[in-house]
Amino acid sequence: MSKSSSSWLVEDYKTIFENKTGSKLTKEEAEFLKNYFDPYSNFAIGKQLYYISIFRLKRFYPRFMVYFFIKKTLRDDFANAGFKSLASLHVDFAKYLLNEAIKSYCKFSD
């Protein structure tokens, strides 16, 4: 899958969810994640969260502040959407998103 779009985040989140819970995402949860990280929309919240995280890393925000920003945003968004199973894994998703943002920051910081 191409790393140029954010659709790889959805697939990786599905894998994290299945590994942590032992069950598959429901159709509604999968659709929510797909829309949350829609690679074709500039207004997809998850996509913006990813790029804002990279921006904050470039502006020398401490990693723990970027991590807490991601964690709080994911927790609030998943809880507001009514998906308790996704909200319970917001810490794992936040760690993964931060690591991906750090990788992208390091790759493009040359």
Side-chain angles (χ1 to χ4, degrees):
M1 191 149 305
S2 172
K3 295 270 183 174
S4 62
S5 70
S6 58
S7 61
W8 55 275
L9 284 173
V10 176
E11 296 303 319
D12 290 345
Y13 277 14
K14 285 180 184 178
T15 304
I16 291 170
F17 183 86
E18 290 171 4
N19 290 341
K20 292 288 182 177
T21 64
S23 62
K24 292 195 175 251
L25 289 168
T26 65
K27 185 181 252 185
E28 293 82 20
E29 290 169 339
E31 186 67 27
F32 173 77
L33 281 178
K34 183 178 160 231
N35 291 334
Y36 195 76
F37 290 105
D38 185 9
Y40 303 109
S41 171
N42 290 331
F43 301 107
I45 297 168
K47 186 176 173 183
Q48 290 177 0
L49 181 62
Y50 173 71
Y51 288 114
I52 288 169
S53 299
I54 293 172
F55 173 78
R56 288 183 175 183
L57 289 169
K58 286 183 178 183
R59 296 294 174 243
F60 302 110
Y61 279 71
R63 264 191 261 169
F64 75 90
M65 285 180 66
V66 177
Y67 169 71
F68 285 124
F69 163 74
I70 295 169
K71 187 170 83 166
K72 181 185 178 321
T73 305
L74 287 175
R75 182 186 64 219
D76 293 347
D77 290 346
F78 292 161
N80 289 341
F83 296 113
K84 301 286 186 210
S85 57
L86 291 176
S88 65
L89 294 174
H90 73 278
V91 173
D92 298 314
F93 291 157
K95 287 178 185 175
Y96 178 76
L97 191 61
L98 178 64
N99 287 336
E100 291 300 317
I102 289 171
K103 283 186 213 175
S104 294
Y105 167 68
C106 292
K107 185 179 0 176
F108 297 117
S109 64
D110 295 337

**Prompt:** Which of these passes side-chain contact (heavy atoms from CB on, under 4.5 Å) with Leu74: Ile70, Asp77, Asp76?
**Reply:** Ile70
**Message:** For Tyr61 versus Met65, what's the shortest heavy-atom pair and its separation?
**Reply:** CD2-CE, 4.2 Å
**Message:** Which heavy atom of Ile54 sits nearest to which heavy atom of Ser104, and what is that distance?
**Reply:** CD1-CB, 3.6 Å
**Check: Tyr50 ring centroid to Phe37 ring centroid under 6.0 Å** = no
**Message:** For the CG atom of Asn19 and the CG atom of Asp92, what is their distance to the nearest 0.5 Å?
**Reply:** 10.0 Å
**Prompt:** Rounded to the nearest 0.5 Å, how far does OH of Tyr96 lie from CG of Asp12?
**Reply:** 3.0 Å
**Complete:** Scanning both residues in full, the closest heavy-atom pair of Lys34 with Val10 reads CA-CG2, 4.0 Å
**Prompt:** Cluster question for you: counting only ILVMFWY and a side-chain heavy-atom cut-off of under 4.5 Å, with indirect links fine, are Ile102 and Phe68 together?
**Reply:** yes
**Asked** Once you round to the nearest 0.5 Å, how far does CZ of Phe78 lie from CD of Glu29?
**Response** 10.0 Å
**For the student: nearest non-hydrogen atoms of Ala101 and Ser53, plus distance** = CB-CB, 4.0 Å
**Asked** Looking at side-chain heavy atoms only, is the closest gap between Thr21 and Leu89 below 4.5 Å?
**Response** yes
**Asked** Heavy-atom distance under 4.5 Å between the side chains of Tyr36 and Leu49, does that happen here?
**Response** yes
**Message:** Evaluate Leu33 against Phe17 for side-chain contact (heavy atoms from CB on, under 4.5 Å), listing each step before the verdict.
**Reply:** CA-CA 11 Å; Leu33 281 178; Phe17 183 86; over 6 Å; no
**Prompt:** Do you know which of Val91, Leu98, Leu97 makes side-chain contact (heavy atoms from CB on, under 4.5 Å) with Lys95?
**Reply:** Val91
**Complete:** Here the gap from Lys71 atom NZ to His90 atom NE2, rounded to the nearest 0.5 Å, amounts to 5.5 Å
**Prompt:** What is the minimum heavy-atom distance between Lys14 and Ala30, and which atoms define it?
**Reply:** CE-CB, 4.2 Å
**Asked** If every non-hydrogen atom of Glu28 is compared with every non-hydrogen atom of Phe83, which pair is closest and at what distance?
**Response** O-CZ, 3.7 Å
**Message:** side-chain contact (heavy atoms from CB on, under 4.5 Å), that's the test. Do Phe93 and Leu86 meet it? Break it down for me.
**Reply:** CA-CA 9 Å; Phe93 291 157; Leu86 291 176; 3.9 Å; yes
